[in-house]
Amino acid sequence: MSVQRLYLNTDWSVGSLTTSQQAGTKYTANIPTCVHSILLENGVISDPFYGENEKLIQWISDLTWSFSRRIPLTLYQTCPSLRYLLIFECIDTVADISLDGQELGRVENMFHRHEFDITSFSSSSHDMELKVTFPPIMEYIKKREKTHPYREWNDPVGGASRVRKAQYSFGWDWGPRFPTCGIMGDVYILCIPNCRIIDWRISQRFDSLEQVSLNVNAEVELVSQMTVHSRLDVFYAGMLIASCLLENSDTCFYKGKLSIKDAKLWWPNGYGAQHLYQVSLSLLSQNQQVTFDCSTKTIGLRQILLDTSKTEDGYKFQFYVNCRSIFCKGASCIPFHSFLDQVTTEDYRQILNSAKIVGMNMIRVWGGGIYEKDAFYNLCDEYGLLVWQDFMFACALYPGDAEFLQSVEQEAKYQVTRLRNHPCLALWCGNNELEQKPEDILQNETTKSNYLRLFYDLLPQIVSSYDGQTPYLPSSPHHPEGFEKLYSANLLGGDSHFWDVWHKKAPVEDYLKHRTRFCSEFGMQSLCSVETCRLFASESELNMFNSIFESHQKNKAGNEIMLHYIFQLFPFPSSYKSLSYLSQLNQALCMKCGVEHFRRQMPFTVGSLYWQLNDCWPVTSWSSIEFGGRWKALHYFAKRFFSPLLISVVSLAEEAVHFAEPLGYHRGRFDIYITYDGQLQVVPVCVSWKLYHVQHNVCLVEGTQEHEIQRDTSVCVQSLDFSKQVAEYSVSNLILHVRATQQLENGNVVLSENTVWFTAPRFYHLKPGSHCIEHSLTKVASKQWRFTLRSNTFQPFVCLKDDNLEWQDNFFDLFPNEERQLYVRCKGNERVPEISIISLGDAILH
């Protein structure tokens with residue numbers, strides 16, 4: 001007989017054991033779930049995200065909750081075995097487990113699997129009760145206060161760092177305080193009649209880029225006295241391409257090696273295809289006719305190297321994949337929902353596919369959330385999204401006592417073992433931002449030794465022992481010479497988080513002064529669209545300064561800072577809808593400035609990950625994708641500034657790139673850059689430019705130039721001087737439009753384009769697009785339409801809306817008498833699109 005899993009995910013009874021109005025009430029639930037989801041489903045609480053309901057349901061985490069279900073006697077009889085293990089894939093978080101009234105143990109870490117040997121219960125003559133009891137989490141936290149009194153930077157109450165639970169659930173500057181409890185992963189009895197695979201590891205060695213050796217080491221548990229063989233099979237595209245028997249080097253250890261010729265490599269998005277292989281390990285009977293246990297992993301053949309070597313001007317921070325340097329483009333992601341049981345594979349697919357579509361090749365899994373579910377990493381493998389994986393530590397000092405470190409050791413071993421074979425895995429990072437406050441780490445010998453013990457000893461040792469092929473970084477940001485040097489004069493090494501723009505209200509032009517090897521965090525907030533706001537407010541409540549909106553703005557100074565930047569750029573809006581639109585444009589232009597600068601610095605700068613990709617609830621935040629999946633302006637802009645070939649423009653004046661200077665100041669000289677990191681070695685490009693007078697709606701002057709651009713370079717291809725036109729027409733009448741095109745067999749293709757404002761948009765006199773934009777709609781296929789737009793006036797940041805449509809592009813500029821065609825597709829049932837159109841001129845008071 002083979003190993004079997006008897007799942008216990010259904011028919012759980014959930015209730016509170018605390019004296020309250022909930023005492024004695026039982027609810028039926030299926031796993032995975034948490035108490036908040038159960039209470040919402042049964043109508044006990046209203047939508048936690050709506051209005052100010054967050055404040056009204058804080059009582060949930062003050063109660064003791066019990067999950068229980070019967071294990072029928074027939075369950076054991078179904079699968080007679082020599083050993084039975086009760087396994088919880090994820091328990092959130094502190095819980096006491098009992099079976100048939102006997103204590104199995106207490107769990108205190110949601111970040112690893114929990115196993116209990118229940119073989120002795122298999123002789124029971126009656127049905128048994130499995131019970132999981134969750135005491136109030138704050139009681140547990142308070143008990144640890146004496147051994148770890150330090151406060152966190154984001155937890156408004158304090159104490160989150162004392163428990164191995166998702167830190168964001170206690171509140172963050174973009175997230176609500178919902179300290180959940182529940183069973184968040186599968187529960188099953190593992191029945192082992194003969195033997196099982198405990199763990200197995202695949203190591204890759206590249207003899208060349210065409211031939212890869214796979215070394216496999218497996219650990220096996222034997223519960224019977226019989227001979228067991230182990231076989232390794234490798235499949236590509238469903239066909240067996242290699243196979244071998246493993247050697248039994250010890251009673252419980254097997255090892256083997258095979259070679260794959262004509263290897264098809266896995267590449268990050270934009271650098272090549274994502275070829276995947278399936279590797280199966282089987283435990284077989286002596287005659288190899290019976291399979292006792294089998295495990296299959298999906299791998300990609302690839303090398304990943306992080307070069308941090310010293311140079312004349314600092315230290316490198318450069319990723320190489322298959323010997324090719326990679327410019328990392330992407331964003332940090334946070335958990336996809338405040339209640340993790342609500343996250344589906346389709347949610348992952350929607351957000352990660354959106355990252356792929358806009359040209360991202362790296363996602364940073366931020367350290368204040370969770371190690372994501374398997375489906376997340378499987379999709380990153382499929383989409384070519386490298387994963388920068390933080391361990392789950394963020395913005396706080398952490399305990400260093402033996403009990404805590406033992407728990408972290410189990411967690412790290414489990415997660416490193418679980419994720420190490422994914423081709424997407426590019427980096428293990430110890431924590432988020434702890435080294436940004438070296439004075440906290442160094443406040444006394446205890447805090448310093450605790451920090452070093454955890455992030456410089458324990459975690460790198462586990463990564464080395466259980467992975468051995470993925471690089472490790474102690475913290476982000478981190479300086480190679482140690483955290484004491486992070487903010488010294490020598491910044492030319494390691495990664496950086498740049499928050500002067502936002503937290504310090506620094507001008508956006510300060511991005512242009514930031515010289516870094518790799519910028520792994522920077523951002524700008526924006527408001528939700530009206531459509532997403534309806535998830536928490538009614539139409540009459542759309543006011544960013546009422547109490548409902550304040551409860552959905554978790555950054556204390558967020559509204560003030562956001563408005564400071566918005567009104568540097570734009571005139572006063574005409575409504576909340578317009579303010580939301582302007583805030584998203586401000587965010588997009590800010591990130592555009594930063595990313596374009598970092599890409600122009602290539603190859604000195606080789607990474608740009610903005611904060612943040614997604615939201616865990618509807619909220620004012622730094623995300624480029626709203627809760628529910630709707631793209632903000634930033635995400636459409638990302639498709640442009642992350643394109644393999646980028647055309648960008650630098651003003652040679654001293655004033656800010658996007659912010660206003662006195663109108664008498666002449667901005668008129670520009671450098672045009674082409675940045676390229678695509679697959680071809682050389683790309684022929686035609687660079688063209690047009691200078692428009694936006695009041696007369698005419699092109700004043702234009703030009704073109706042919707270039708051949710080498711791969712992995714950023715070069716200034718042309719300098720332009722419009723000082724004469726500025727003096728004659730004024731900066732508030734001039735717009736520069738630049739394009740990079742390539743001649744193909746089927747016509748001229750636009751590779752990249754950019755618009756340059758000569759001063760802040762608020763100084764321009766713009767006409768409403770709703771009156772000036774002509775448009776037509778033509779059906780071209782089932783659920784697909786061609787949308788054509790044209791205007792005889794300059795219409796910036798044209799925003800198209802219809803929630804039933806997937807947009808090829810949005811928030812784009814429409815130039816006088818130039819036709820623009822977009823292809824749109826219906827997401828749901830086919831119907832004639834009802835598209836609304838606004839541009840910048842519609843959003844401002846006239």
Side-chain angles (χ1 to χ4, degrees), residues 148 150-155 160-161 167-168 172-173 306-310 314-319 328 332 334 364-369 388-400 404-405 408 412 426-464 470-500 502-504 514-523 605 607-612:
H148 188 71
Y150 311 103
R151 288 184 63 82
E152 293 76 14
W153 309 347
N154 283 280
D155 180 355
S161 62
Q167 304 286 272
Y168 85 109
W172 218 266
D173 60 358
L306 175 60
D307 182 3
T308 58
S309 60
K310 192 167 186 177
Y315 296 84
K316 292 183 178 180
F317 194 89
Q318 170 74 72
F319 284 94
C328 297
S332 295
I334 64 172
R364 175 174 172 241
V365 179
W366 168 76
W388 170 314
Q389 179 66 56
D390 282 3
F391 284 97
M392 292 302 115
F393 302 92
C395 302
L397 296 180
Y398 287 86
F404 185 84
L405 292 178
V408 171
L427 180 72
W428 290 103
C429 180
N431 67 70
N432 172 72
E433 294 188 343
L434 271 65
E435 294 187 1
Q436 279 198 163
K437 292 194 175 182
E439 66 279 7
D440 281 14
I441 298 171
L442 298 171
Q443 63 185 280
N444 57 56
E445 281 303 314
T446 299
T447 54
K448 180 181 178 181
S449 63
N450 285 351
Y451 184 80
L452 295 177
R453 190 180 298 120
L454 180 52
F455 299 108
Y456 283 75
D457 295 332
L458 178 62
L459 291 180
Q461 194 174 64
I462 290 171
V463 169
S464 176
T470 307
Y472 172 83
L473 190 70
S475 181
S476 177
H478 172 74
H479 194 278
E481 294 183 5
F483 54 84
E484 298 94 335
K485 299 288 185 74
L486 186 61
Y487 291 110
S488 66
N490 179 17
L491 279 173
L492 305 182
D495 67 316
S496 66
H497 293 190
F498 188 69
W499 283 104
D500 288 3
W502 179 261
H503 286 303
K504 294 184 179 180
H514 186 54
R515 189 160 163 78
T516 179
R517 293 291 189 175
F518 194 113
C519 198
S520 50
E521 201 176 293
F522 60 105
T605 302
S608 176
L609 310 180
Y610 65 74
W611 183 268
Q612 67 205 62

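Partners of D155 by salt bridge (Lys or Arg N to Asp or Glu O under 4.0 Å), not counting sequence neighbours, listed by chain and number: R177. Scored by the side-chain hydrogen bond (donor to acceptor under 3.5 Å, both in side chains) test, R151 finds no partners at all (sequence neighbours excluded). For S475, the side-chain hydrogen bond (donor to acceptor under 3.5 Å, both in side chains) test picks out N431, with sequence neighbours left out. Here Q318 pairs with nothing under the side-chain hydrogen bond (donor to acceptor under 3.5 Å, both in side chains) rule; sequence neighbours left out. Residues that satisfy the side-chain hydrogen bond (donor to acceptor under 3.5 Å, both in side chains) test with W388, not counting sequence neighbours, are D390. For F455, the ring pair (Phe, Tyr, Trp, His ring centres under 6.0 Å) partners are F393, Y451, not counting sequence neighbours. Partners of E433 under the salt bridge (Lys or Arg N to Asp or Glu O under 4.0 Å) rule, at least two apart in sequence or in another chain, do not exist in this structure. Considering only residues two or more places apart in sequence or on other chains, S608 meets the side-chain contact (heavy atoms from CB on, under 4.5 Å) condition with F327, F522, V595, F598. Scanning for ring pair (Phe, Tyr, Trp, His ring centres under 6.0 Å) contacts around Y472 gives an empty result, with sequence neighbours left out. Scanning for salt bridge (Lys or Arg N to Asp or Glu O under 4.0 Å) contacts around D457 gives an empty result, with sequence neighbours left out. With sequence neighbours left out, the ring pair (Phe, Tyr, Trp, His ring centres under 6.0 Å) criterion links W428 to F391. Residues meeting the salt bridge (Lys or Arg N to Asp or Glu O under 4.0 Å) test with D500, sequence neighbours left out: K504.
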